[in-house]
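Ligands are counted one by one from 1 in listed order, and the atoms in each one are counted from 1 as well. In this chain, residues are counted from 1 in sequence order. All of these numbers come straight from a predicted model, not from anything done at the bench.
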Amino acid sequence: MRTYHVITFGCQMNKHDSEHIAGLLESRLGLVRAEDAEHADVVVFNTCAVREGAEERLIGQVSALKPLKALNPNLVIAVGGCVAQHERSRLFQMLPHVDVVFGTHNIPELPDLIARAASGTPALSVPDEPSLDVERTPSIRETRWHAWLPIAVGCDNWCSYCIVPRTRGRERSRPFDEVVAEAERLVADGVVEITLLGQNVNSYGRDLYGKPRFAEILRAVARTGVKRLRFVTSHPKDLSDDTLRAMAEEPAVCEYLHLPAQSGSTRILRAMNRGYSKEQYLAAVERAYELVPGLALSGDVIVGFPGETEQDFEETLDLVQRCQYDQLFTFLYSPRPGTRAAQLPETVPSAIAQDRFERLTELVRDSALEKNRRLVGSTVEVLVEGPSRKDQDMLAGRTRTNKLVHAPFPAGADPASLEGTFLAVRVVEAHAWHLMGEVAGYQRQ
Ligand code: SF4
């Protein structure tokens with residue numbers, strides 16, 4: 001029996017694409033999933049070009065498969081996703097033992113490319129425009145209880161540091177009714193949590209209907225019977241009161257908002273082409289806290305963007321302090337070839353960028369811990385994801401506000417049967433990035 005293994009880098013959209021890759025390999029080629037690359041006849045890398053680290057990891061991991069290829073000449077190695085879309089045939093030069101290179105727009109073509117490569121001809125196909133609709137192909141979800149549901153792909157924003165508009169193309173929304181019908185199918189299939197996906201999720205519909213319809217689709221999917229509904233990634237300039245009201249009024253929509261700021265300096269935001277000022281971002285956050293009771297906020301910040309001065313960075317510290325994030329994803333700037341920011345001359349010395357990164361991390365840790373401390377003694381609803389990676393006797397799950405919770409499994413409970421169920425957990429201890437608790441009972445299922 002021939003086997004496959006998929007290795008995914010990067011964002012949720014890539015994770016979702018990998019579910020379609022698995023579905024295609026099983027249904028079209030009859031392959032069976034292998035736990036690791038060592039036991040697979042086909043290894044697929046689904047790559048990300050957003051961060052430099054992801055690309056380096058890809059090169060390291062593909063290179064590490066060379067000895068396997070020597071042992072098993074029939075092994076097929078395929079590389080797809082954003083790095084492949086960007087690098088194309090250069091990947092064959094960088095990694096000569098790769099057999100297939102495919103792009104972000106032609107995942108449905110992958111089985112044919114693998115079949116061609118298996119007969120000895122390396123296969124390259126990286127179309128510039130979407131030709132085949134991946135959403136109409138089979139998919140195998142990572143879990144039975146959670147589903148990624150893309151409502152739009154691509155992006156029209158052209159942030160100066162970002163490669164996504166080049167690798168994923170222009171923003172393309174899926175028809176409203178198609179999305180809702182898919183959500184209904186997922187709920188009927190036992191999914192209790194759906195995450196709506198889009199590179200710029202809250203401008204959903206603008207390309208198709210001439211105006212954003214994100215709040216409407218949020219409400220429509222929330223009413224399919226799904227227990228929890230999330231969405232990523234929102235752009236601050238497109239965050240509307242309608243969306244915030246839908247979050248507050250639809251019980252299924254979780255009170256969690258991921259709203260990347262990227263910088264607290266209006267000067268740097270302009271250089272990033274983000275389309276808002278520091279004040280506008282702060283006003284959006286204030287409105288979100290005002291309209292959505294119990295809101296948890298997360299964000300992204302890039303440190304060391306070209307030309308960032310100490311004063312710019314202090315503006316970022318000020319913004320982070322004022323936003324009271326529950327979680328912040330901080331990144332050291334690295335230039336992506338092909339972006340406008342990569343041409344900017346005034347790079348920030350790495351020691352200075354590193355120092356700023358550490359100061360920022362410390363500030364966020366303090367504010368996240370402070371917010372988590374307020375939860376000690378309360379009971380929260382936790383959706384169980386499975387055993388904790390570090391301790392198999394502990395369960396890991398998430399609150400509606402996306403906080404990671406660990407708690408001992410209830411005595412006598414079968415851990416596998418609790419996966420994807422809701423538990424009431426009393427919070428007993430707060431840490432910056434997770435909560436410790438005790439199971440207090442079973443919740444609605
Ligand atoms: S909004 Fe900006 S950072 Fe996000 S995908 Fe679009 S171009 Fe990239």
Identify the protein heavy atom lying closest to atom 4 (Fe) of ligand 1, giving its residue, its atom name and the separation to 0.1 Å.
Gln199 O, 4.2 Å

Note the single closest protein heavy atom to atom 1 (S) of ligand 1, along with its residue, its atom name and the distance in Å.
Asn157 ND2, 3.4 Å

At under 4.0 Å between heavy atoms, which part of Cys155 makes contact with ligand 1: side chain, backbone, both or neither?
side chain

Here's a test for you: under salt bridge (Lys or Arg N to Asp or Glu O under 4.0 Å), which of Glu255, Glu250, Glu381 qualifies with Arg228?
Glu381

Per-atom filter on ligand 1: closer than 4.0 angstrom to a heavy atom of His235 are 1 (S)

Taking the six-membered ring for Trp, are Tyr204 and Phe176 parallel (under 30°), tilted (30 to 60°) or perpendicular (over 60°)?
tilted

Of the side chain and backbone of Tyr161, name the one, both, or neither that has a heavy atom under 4.0 Å from an atom of ligand 1.
side chain

If you measure from each non-hydrogen atom of Val164 to ligand 1, which part falls under 4.0 Å: side chain, backbone, both or neither?
side chain

Please test Val62 against Phe45 for side chain to side chain contact (heavy atoms under 4.5 Å, CB included), starting from the C-alpha separation and ending with a verdict.
CA-CA 8 Å; Val62 178; Phe45 289 88; 3.6 Å; yes

Between Cys159 and atom 8 (Fe) of ligand 1, is there a contact where an N/O/S atom of the residue lies under 2.8 Å from the metal?
no

Per-atom contacts, ligand 1 versus Trp158 - under 4.0 Å to a heavy atom
7 (S)

Which heavy atom of Phe9 sits nearest to which heavy atom of Thr47, and what is that distance?
CD1-CA, 4.1 Å

Could you check whether the rings of Tyr325 and Tyr281 sit parallel, tilted or perpendicular, using 30° and 60° as the cut-offs?
tilted

Under 4.0 Å from one or more heavy atoms of Pro165, ligand 1 contributes atoms 7 (S)

Of all protein heavy atoms, the one nearest atom 8 (Fe) of ligand 1 is Cys162 SG, 2.3 Å

Ring-face cation of Arg213 near Tyr209 (centre distance under 6.0 Å, axis angle within 45°)
yes

Quick check on Arg274 - does any of its heavy atoms sit under 4.0 Å from an atom of ligand 1?
yes

Of His146, Lys15, Arg230, Gln12, the one forming a side chain to side chain donor-acceptor pair (under 3.5 Å) with Thr195 is His146

When the aromatic ring centroids of Phe231 and His258 are compared, is their separation below 6.0 Å?
no

